Amino acid sequence: MTQRAYRYRFYPTPEQEQLLRRTLGCVRLVYNLALHTRTEGWYERQERIDYKQTSAMLTDWKKQEDKQFLNDVSCVPLQQGLRNLQKAFTNFWAGRAKYPNFLKLRNGGSAEFTRSAFKWKDGQLWLAKCREPLPIRWSRTLPENCEPSTVTVRLDVSGRWFVSLLVDASAPLSFNPERSRRVDKAIGIDAGVTSLVATSDGEKIANPKHFKRLKRKLRQAQKALSRKVKGSNNREKARQQVARIHAQIADARKDFLHKLTTRLVRENQTIVVEDLAVKNMMKNHKLAQAMRNASWSELVRQLEYKCQWYGRLLVKIDRWFPSSKRCGHCGHVVDKLPLNVREWDCPECGTHHDRDINAANNILAAGLAVIVCGANIRPDGHKSKGQLRKTPELRQAQLPRSLRGRKQKL
């Protein structure tokens with residue numbers, strides 16, 4: 001059964017914050033103890049310790065005199081922490097993730113509560129051992145006649161509290177149904193660096209570059225942090241200041257992407273994108289910062305689940321499809337097309353192309369071919385008939401004015 005999570009920010013009372021911080025600390029301690037035990041058992045005795053054994057260890061830890069404080073918090077988050085560790089090891093043995101890491105205090109933490117550890121009544125949430133409901137800032141309402149099955153409380157690095165409510169995805173959505181009605185429109189999207197995305201409709205959406213806007217402020221905060229004595233209260237304050245700036249950048253970026261993807265999904269029935277290997281592309285250190293600021297992976301991730309919500313179709317074409325180097329008019333493919341060439345003329349038919357718009361049109365055409373007949377949109381292996389290199393005129397135009405006209409080694 002598909003489920004959907006709604007995240008809200010809340011502002012706990014001093015009593016609630018003290019209990020929640022104690023709970024997070026106990027979850028972190030149990031997780032790290034279990035991870036240490038499982039690691040030691042494997043490297044010393046070649047023994048695989050599973051969730052059932054660590055759960056029995058938790059019962060023994062609670063009986064120890066120096067760990068009596070584990071009984072002061074709900075046992076459900078502790079058990080859920082052990083289940084999360086088991087899931088991490090399962091992903092590691094399957095080759096889907098790296099070896100689990102120890103949890104750290106400075107990273108905040110999270111605690112997961114199942115139905116037996118919280119109460120939901122009249123739109124208010126009570127956690128185990130809490131006398132008052134959580135003061136949640138309801139930025140949006142939950143679907144009607146819907147109760148959460150799992151509640152996750154998280155403290156982020158900057159000191160903000162968030163709660164995530166997991167509900168059944170079969171419940172109706174809270175947005176206006178008129179906005180999600182079926183439309184007969186398809187669009188191709190080309191992700192870029194100079195502009196965030198270019199669409200087959202001829203629209204270019206600029207990248208706000210939130211990191212560049214706050215880069216100077218972040219640098220000053222990081223310099224102040226580096227001067228503080230390790231372990232001091234002032235260093236902790238400076239660390240939180242750096243974390244708040246990072247959170248501000250991430251929030252602004254995610255808010256912009258949410259507004260963009262929601263508009264694209266509401267206005268189009270079919271959306272075609274490239275299946276980019278962003279992780280491999282980040283190895284290019286000259287473009288890594290620009291690609292990280294564009295958040296291509298987050299853009300596609302939001303399009304995926306929103307297309308499911310709104311009943312849209314998202315098509316991913318092969319990453320090796322030459323969308324930028326193919327002429328959208330005659331199909332001619334050039335051999336090379338450097339990134340600095342933003343406009344080019346097809347050597348076969350003479351059509352003038354904007355690099356990004358032409359790529360978006362080719363992506364749309366390839367996506368429609370996949371939908372209609374399941375065509376293979378990978379390159380056919382044929383050699384291209386021409387290439388667009390940096391011409392001497394273009395190189396001269398990129399030189400400083402004082403050097404233009406002089407002989408340069410081309």
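None of these values were measured; they are calculated from a predicted model. Reckoned from all heavy atoms, side chains included, excluding hydrogens, waters and symmetry mates.
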message: Distance alone, cut at 3.5 Å: any donor-acceptor contact between the side chains of Arg140 and Tyr6?
response: no
message: Between Asp201 and Glu203 (side chain of the first, backbone of the second, donor and acceptor by atom type, cut-off under 3.5 Å), is there such a pair?
response: no
- prompt: So, Arg312 side chain and Val265 main chain: donor-acceptor pair closer than 3.5 Å or not?
  reply: yes
query: Can we say Arg160 and Asp251 salt-bridge, meaning some charged N sits less than 4.0 Å from an Asp/Glu carboxylate O?
result: yes
message: Before we go on, tell me: are the rings of Phe89 and Tyr99 under 6.0 Å apart, centre to centre?
response: yes
message: What I want to check is whether the side chains of Arg219 and Gln222 have a donor and an acceptor closer together than 3.5 Å.
response: no
field: Aromatic plane relationship, Trp93 with Trp42 - under 30° parallel, 30 to 60° tilted, over 60° perpendicular
entry: perpendicular
message: Minimum heavy-atom separation for Arg7 and Ser164, please, with both atom names.
response: CG-OG, 3.5 Å
task: Please indicate whether Arg96 has more than 12 foreign heavy atoms, meaning atoms of other residues, nucleotides or ligands, lying under 6.0 Å from its CZ.
output: yes
- request: Could you tell me whether Arg342 and Asp356 make a salt bridge, using a distance below 4.0 angstrom between a side-chain N and a carboxylate O?
  value: yes
message: So does Ala252 get a backbone contact from the side chain of Asp255, meaning a donor-acceptor N/O pair under 3.5 Å?
response: no
task: Assess whether side chain to side chain donor-acceptor pair (under 3.5 Å) is satisfied between Asn358 and Arg326, documenting all intermediate values.
output: CA-CA 8 Å; Asn358 176 66; Arg326 181 185 294 271; over 6 Å; no
field: Greater than 12 external heavy atoms within 6.0 Å of Asp60's CG
entry: yes
query: Taking the side chain from Thr261 and the backbone from Leu257, do they hold a donor-acceptor pair closer than 3.5 Å?
result: yes
- prompt: Do the side chains of Val272 and Ile187 get nearer than 4.5 Å, heavy atoms only?
  reply: no
task: Flag yes if more than 12 heavy atoms outside Lys215 fall under 6.0 Å of its NZ atom; otherwise flag no.
output: no
task: May I ask you to establish whether Arg301 and Trp296 are in a cation-pi arrangement, using a distance under 6.0 Å from NZ or CZ to the six-membered ring centre and at most 45° from the ring axis?
output: no
query: Looking at the rings of Tyr8 and Trp138, which for Trp means the six-membered one, are their centres under 6.0 Å apart?
result: yes
Closest non-hydrogen atom pair, Lys230 against Arg235: CA-CD, 3.4 Å
- request: Please answer whether the main-chain N or O of Lys237 pairs with a side-chain N or O of Gln241 as donor and acceptor at a distance below 3.5 Å.
  value: no
- request: Walk me through it: do Phe113 and Thr152 pass the test side chain to side chain contact (heavy atoms under 4.5 Å, CB included)?
  value: CA-CA 6 Å; Phe113 299 81; Thr152 303; over 6 Å; no
message: Quick check against the 3.5 Å criterion: does Asn361 have a side-chain atom that pairs as donor or acceptor with the backbone of Ile357?
response: yes
